[in-house]
Amino acid sequence: QVQLVESGGGLVQPGGSLRLACAASGFTLDYYAIGWFRQAPGKEREGVSCIQSNNGSAYYVDSVKGRFTISRDNAKNTVYLQMNSLKFEDTAVYYCAADARCGGDFSGYWGQGTQVTVSS
């Protein structure tokens with residue numbers, strides 16, 4: 001079964017950290033660009049980060065640069081998003097998705113999402 005599953009979300013205080021995981025089943029994740037997206041209530045979905053296939057270049061939205069890091073562990077067929085120095089405005093449901101390349105429309109494979117809540 002072709003599937004992406006996000007995990008690692010939760011409740012964290014401002015300034016705290018979380019590591020999100022996007023685990024792929026049924027296909028080889030390394031052959032795909034993996035993007036992280038987030039959507040907060042009442043807001044449009046926002047691209048957060050993307051890593052190209054074959055451990056290529058990584059990209060970040062300006063608001064998370066220096067705080068978030070995307071990486072691959074091909075042995076685990078998983079992409080991670082390390083989220084440090086979290087802020088209230090990072091609160092959202094975070095999704096991962098696969099496409100042929102960063103810059104694609106990511107209309108194919110999506111996970112179910114994981115909730116990140118930053119609150120004091």
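When reading the values below, keep in mind they use all heavy atoms of this one structure, side chains included, and skip hydrogens, waters and symmetry mates. One is the number of the first residue; the rest follow in order along the sequence.
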Do [X] and [Y] have side chains that get closer than 4.5 Å, going by heavy atoms?
X	Y	result
Ser7	Thr114	no
Leu11	Ser119	yes
Ile34	Cys22	yes
Gln52	Arg101	yes
Asp30	Asn54	yes
Ser49	Val64	no

(request) Look at the side chain of Asn77 and the backbone N and O of Leu29, then say whether any donor-acceptor pair between them is shorter than 3.5 Å. (result) yes

(request) Measure from the side-chain N and O atoms of Asp73 to the backbone N and O of Thr78, and report whether any donor-acceptor pair falls under 3.5 Å. (result)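 No, the answer is negative, given that no donor and acceptor are paired below the 3.5 Å cut-off.
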
According to a hydrophobic-cluster definition based on side-chain heavy atoms being under 4.5 Å apart (Ile, Leu, Val, Met, Phe, Trp, Tyr only), do [X] and [Y] belong together?
X	Y	result
Leu81	Val12	yes
Val116	Val5	no
Phe68	Phe37	no
Tyr32	Val2	yes
Val79	Val93	no

What's the spacing between [X] [atom1] and [Y] [atom2] if we round to 0.5 Å?
X	Y	atom1	atom2	result
Thr117	Gln13	OG1	CD	13.0 Å
Leu18	Gln82	CG	CD	8.5 Å
Gln39	Glu44	CD	CD	8.5 Å
Ile51	Cys96	CD1	SG	13.0 Å

How close do [X] and [Y] get, heavy atom to heavy atom, and via which atoms?
X	Y	result
Arg72	Ala33	NH2-CA, 3.9 Å
Phe27	Ala24	CZ-CB, 3.7 Å
Gln112	Leu4	OE1-O, 3.8 Å
Val118	Thr91	N-OG1, 2.9 Å
Cys50	Ile70	C-CD1, 3.9 Å
Gln115	Ala92	NE2-O, 3.4 Å

(message) Closer than 4.0 angstrom, basic N to acidic O: yes or no for Lys87 and Asp90?
(response) no

(message) Checking side chain to side chain contact (heavy atoms under 4.5 Å, CB included) between Leu20 and each of Tyr95, Tyr80, Trp36, which is the one that passes?
(response)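 Passing option: Trp36.
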
(message) Counting only heavy atoms not in Tyr60 (residues, nucleotides, ligands), do more than 12 fall under 6.0 Å from its OH?
(response)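 Yes - once you tally the heavy atoms of other residues, nucleotides and ligands closer than 6.0 Å, there are more than 12.
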
